[in-house]
Structures are given as structure tokens and as C-alpha cells.
Amino acid sequence: QVQLVESGGGSVQAGGSLRLSCAASGRTFSNYAMGWFRQAPGKEREFVIALNRNGGNTFYADSVRGRFTISRDNAKNTAYLQMNSLKPEDTAVYYCAARHTERSDYTPVLAATYNYWGQGTQVTVSS
């Protein structure tokens with residue numbers, strides 16, 4: 001079992017930045033690929049970005065490419081989502097997710113493939 005706790009959400013004006021953190025506990029963090037998803041009101045949960053176990057492989061949604069980055073500190077059992085140049089359409093609840101994998105290059109983008117989820121943190125971007 002892995003417990004994930006997101007933090008760092010809040011309100012920001014368009015063009016601003018936020019950094020979300022996802023603290024993991026319960027298992028060996030470095031055995032998990034990590035992803036971030038978001039869900040806006042009235043919309044389906046959507047993939048944002050994902051990172052493999054050792055941090056060497058990243059997949060981005062087209063909507064965030066060039067603005068968002070994902071990183072991880074395996075020594076601190078924490079993943080991060082740095083969000084720059086935020087837009088009002090980035091407003092959503094952001095969730096981190098973890099997927100156990102034996103493959104070092106595995107970087108899942110489908111929500112259904114993730115085993116564990118955090119409770120979510122709200123990000124609001126005003127124009």
C-alpha cells in the first residue's frame with residue numbers, strides 16, 4: 001500500500017507559477033512510476049504528465065508541454081509538478097498517482113494503469 005498526499009495548490013493569476021508536491025509513504029518510492037492528472041468541473045479526469053522510476057523519461061500532455069515539468073526526489077519520497085505560465089484553463093483539481101513497476105523506463109499515461117492516488121489539490125488560475 002502506498003499513501004500519496006498532494007500539497008501546494010492554491011490560487012494564482014494567469015502567467016503565474018505553482019509547484020505541487022506529492023509525498024509518498026508506505027513502500028519503496030523508487031519502485032513506482034509517478035503521474036499527475038487533473039479534473040476540471042464537469043470534465044473527465046485527464047492526463048497531465050508522467051515520470052518513470054528514475055526520472056529519466058517523461059511524457060507530457062500537449063496542453064502543458066513547455067510549461068509544466070515533473071521531477072522526483074527518491075531520497076525524499078516526493079514527486080513534484082512545476083507549473084509555469086499558468087492559464088485559466090489549467091484550473092482543476094490536480095491528483096498525483098503511483099504505479100508499481102519492475103521496468104525502469106515505464107511511464108504510464110492512462111489513469112486506469114495507476115494503482116494509487118492522492119486526494120487531490122485545487123489549482124485555480126484567474127484571468
Side-chain angles (χ1 to χ4, degrees):
Q1 192 79 2
V2 172
Q3 292 79 42
L4 302 174
V5 178
E6 300 99 334
S7 61
S11 297
V12 65
Q13 289 195 326
S17 298
L18 282 174
R19 188 175 83 154
L20 306 184
S21 299
C22 175
S25 62
R27 293 291 177 129
T28 304
F29 182 66
S30 58
N31 289 340
Y32 291 80
M34 298 299 296
W36 287 91
F37 292 77
R38 65 187 181 187
Q39 187 166 19
K43 295 188 177 182
E44 298 285 322
R45 187 172 298 190
E46 65 173 1
F47 168 74
V48 176
I49 196 168
L51 186 66
N52 68 327
R53 286 173 39 174
N54 61 16
N57 193 37
T58 305
F59 282 135
Y60 300 83
D62 289 342
S63 59
V64 306
R65 188 181 301 274
R67 301 187 299 123
F68 290 12
T69 57
I70 186 173
S71 61
R72 64 190 299 159
D73 186 335
N74 286 344
K76 295 183 178 180
N77 293 345
T78 303
Y80 304 96
L81 176 63
Q82 178 66 44
M83 305 184 292
N84 299 326
S85 302
L86 282 161
K87 304 175 181 180
E89 50 265 43
D90 294 318
T91 295
V93 177
Y94 283 72
Y95 300 89
C96 69
R99 164 62 192 259
H100 184 271
T101 178
E102 299 294 330
R103 288 173 46 192
S104 61
D105 62 340
Y106 186 49
T107 316
V109 301
L110 297 177
T113 62
Y114 282 86
N115 307 111
Y116 304 101
W117 292 83
Q119 82 289 351
T121 186
Q122 176 70 46
V123 171
T124 303
V125 185
S126 58
S127 58

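Just so it is clear, the structure is predicted and the values come from calculations on it, not from any experiment.
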Hey, does the side chain of Gln119 reach the backbone of Val5 with a donor-acceptor pair shorter than 3.5 angstrom?
no

First locate atom CZ of Arg99, then atom CG of Asn115, and finally report the distance between them rounded to the nearest 0.5 Å.
5.5 Å

Hey, any chance Phe68 and Leu20 share a hydrophobic cluster, counting ILVMFWY side chains that come within less than 4.5 Å of each other, even indirectly?
yes

Please determine if Arg72 forms a cation-pi arrangement with Phe29, meaning its NZ or CZ atom is less than 6.0 Å from the six-membered ring centre and no more than 45° off the ring axis.
yes

Minimum heavy-atom distance Leu18-Leu86, with the two atoms named
N-CD1, 3.9 Å

Do Phe47 and Phe59 have their ring centres less than 6.0 Å from each other?
no

Under 6.0 Å from the CZ atom of Arg45, do we count more than 12 heavy atoms belonging to anything else shown?
yes

NE2 (His100) and OH (Tyr116) are apart, to the nearest 0.5 Å, by 8.5 Å

Honestly curious: do Tyr80 and Val48 fall in one hydrophobic cluster under the side-chain, below-4.5 Å linking rule?
no

Student check: side-chain heavy atoms of Arg53 and Ser30 closer than 4.5 Å
no

When you measure from the side chain of Ser21 to the backbone N and O of Arg19, does any donor-acceptor pair fall under 3.5 Å?
no

Non-hydrogen atoms of Ser17 and Asn84 that approach each other most closely
OG-OD1, 2.9 Å

Linking I/L/V/M/F/W/Y whenever their side-chain heavy atoms sit closer than 4.5 Å, directly or via other members, would Val2 and Trp117 fall into one cluster?
no

Taking all non-hydrogen atoms of both residues into account, name the closest pair between Tyr114 and Ala50 and its distance.
OH-CB, 3.5 Å

Taking every non-hydrogen atom, the tightest pair across Cys22 and Met34:
SG-CE, 3.9 Å

Heavy-atom closest contact (Ala40 atom, Ala92 atom, distance)
N-CB, 3.8 Å

Spacing of Phe37 atom CZ and Ile49 atom CD1 [to the nearest 0.5 Å]:
11.5 Å

Hey, what do you get for CG (Asn54) to CG (Asn74), rounding to the nearest 0.5 Å?
8.0 Å

Taking Trp36 as the starting point, is it possible to reach Val64 by hopping between hydrophobic residues whose side chains are less than 4.5 Å apart?
yes

Could you tell me the separation between the CG atom of Asn31 and the OG1 atom of Thr101, rounded to the nearest 0.5 Å?
9.0 Å

Would you check if Tyr32 and Leu4 make a side-chain contact, meaning some heavy-atom pair closer than 4.5 Å?
no

Report yes or no: do Met83 and Tyr60 belong to one cluster of Ile/Leu/Val/Met/Phe/Trp/Tyr joined by side chain heavy-atom distances under 4.5 Å?
yes

Flag, side chain of Asn52 to backbone of Asn57, donor-acceptor distance under 3.5 Å
yes

If you measure from CG on Asp90 to OG on Ser85, what distance do you get to the nearest 0.5 Å?
9.5 Å

Establish, from distance only, whether the side-chain atoms of Tyr94 and Arg38 form a donor-acceptor pair under 3.5 Å.
yes

Mark yes or no for whether Thr91, through its side chain, and Val125, through its backbone, hold a donor-acceptor pair below 3.5 Å.
yes

